[in-house]
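What follows is a single structure, written as structure tokens, with notes after it.
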Amino acid sequence: MKKTITVHLKERKYDILVSQSTNDFFSVIKKQIKTKSLFIITDTNIAKLHLKYLINLFKRQNYDVKTAAISAGEEGKSIKNLSYLYDKALEKGIDRKSCAIAFGGGVIGDTAGFFAATYMRGIDFIQIPTTLLAMADSSVGGKTAINITKSKNIAGAFYQPKLVWINTNFLNSLPERQLRNGLAEIIKYAFIFDSKFYKYLANLLENEIISSKDFDYMICKSCSYKTKVVEKDEKETNGLRAVINFGHTYAHALETATHYKKFLHGEAVAIGMLFSAKLSLKLKLCKQETYNKVKKLLNLAAFNLDEKNNPKQFLSLMKKDKKSVDGNINFVLIKDIGKTINKQVSDNIVLNVLRSK
Ligand SMILES: NC(=O)c1ccc[n+]([C@@H]2O[C@H](COP(=O)([O-])OP(=O)(O)OC[C@H]3O[C@@H](n4cnc5c(N)ncnc54)[C@H](O)[C@@H]3O)[C@@H](O)[C@H]2O)c1
């Protein structure tokens, strides 16, 4: 399959190409970037699995390819690795006309994106995501960042790629837990925007087998919704982009409380979306039926939703979240499948729902 989604921004536009065909990719990349000098940034896991393949692909098209691999996992988003990338790039003769390639999951997309935003005051970069989470969500939208000490995404920039190439063949080597992790963000788009997509996902997950065609479809749907939001609020200035943070306020508290060790981001988001639905029910914004539907889809995707929290600690962590205003926590809440609203919720109600979990 081949599908192109174009992201239209104020100053420029770029394509998200969803295709397993390398010919499709090269016909687009040749139009988008003029340089033959590439700097592929990946992590040590992906380097073992897929880097040779990608290098050969580019070399056959006469590109000059340099590479660097950083440590895999969330720890990879570090200032130490960023500094390593600057050193490697300089050493290998990467200049301001070269193009960086972020080849990996969200960790690589965020780190390599921030590298590209800052190296020699900004060089072009392309996203080639290899996890479901990165394909369906993080490779689109231009948010790049690294973590500093204990704070996540503290140093970063909005910096859009020149092109995103999504090739779902890379998912063949992705562990099941990581697939489920990405599924959470896909499910999120159904909850926020699309009751038909919800039905499609419920059907798919009931049947258990997910084909490559299904992955293409789910990824295209998610990228299209993310694109629409990013086009309206590229730099999160008018509040419209906040809608895609459904479930994230609780998820961030959960990730912090468990030191980013116990849950993958998508797993925390799944639990966070159920919390938001519970809060919505408590505030009578949605019916019991909607809450049940949220829970049903998350169960069908086999998320473990039973997790204990310390209500006071979670309230305080959520208040520290970037999205809290004047000490009140701003939540994205659900009215129905496909309909959400932003609302500030008082501490008492939040505590009440935290205690009833
Ligand atoms: N920029 C954004 O808009 C945005 C949005 C959501 C999440 N994020 C960020 O994304 C990160 C999480 O991304 P992630 O879930 O992709 O994790 P990740 O990048 O750490 O990848 C998960 C694991 O899968 C391995 N892996 C990657 N591709 C593989 C493949 N094809 N086969 C086998 N193994 C493979 C990686 O080496 C890693 O061990 C977080 O840091 C989060 O903050 C960013």
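Please read these numbers as outputs of a predicted model, since none were measured by experiment. Numbering of ligands and ligand atoms starts at 1, following listing order.
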Cation-pi geometry met for K36 and Y63 (6.0 Å, 45°):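 Checked: cation-pi criterion met.
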
For ligand 1, which part of [X] has a heavy atom less than 4.0 Å away: the side chain, the backbone, both, or neither?
X	answer
V107	both
L133	side chain
D137	side chain
T44	neither
L171	neither
K143	both
E75	neither
A72	side chain

Closest approach of any protein heavy atom to [atom], naming residue and atom:
atom	result
atom 31 (N) of ligand 1	F170 O, 2.9 Å
atom 41 (O) of ligand 1	E74 OE1, 2.7 Å
atom 37 (O) of ligand 1	D43 OD2, 2.7 Å
atom 42 (C) of ligand 1	K152 NZ, 3.5 Å
atom 3 (O) of ligand 1	K226 NZ, 3.3 Å
atom 34 (N) of ligand 1	L174 CD1, 3.9 Å

Identity of the nearest option to atom 39 (O) of ligand 1, non-hydrogen atoms only, from T131, L264, N45: N45

Pick from G76, S138, A47, G106: the one approaching atom 14 (P) of ligand 1 most closely through a non-hydrogen atom: G106

Side chains of [Y] and [X]: any donor to acceptor distance under 3.5 Å?
X	Y	value
K287	N292	no
Y14	Q32	no
Y260	N147	no
S173	H50	yes
Q61	K30	yes

Pair Y250 and F314, ring centroids less than 6.0 Å apart: yes

Ring centroid separation Y159 to F114 under 6.0 Å: no

salt_bridge(E231, K10) N-O dist < 4.0 Å: no

E236 and K143 ion-paired at < 4.0 Å: yes

Heavy-atom gap K48 to ligand 1 smaller than 4.0 Å: no

Per-atom contacts, ligand 1 versus S173 - under 4.0 Å to a heavy atom: 30 (C), 31 (N), 32 (N), 33 (C)

Straight-line distance of L54 CG to T22 OG1, nearest 0.5 Å: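 One gets 10.5 Å once the value is rounded to the nearest 0.5 Å.
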
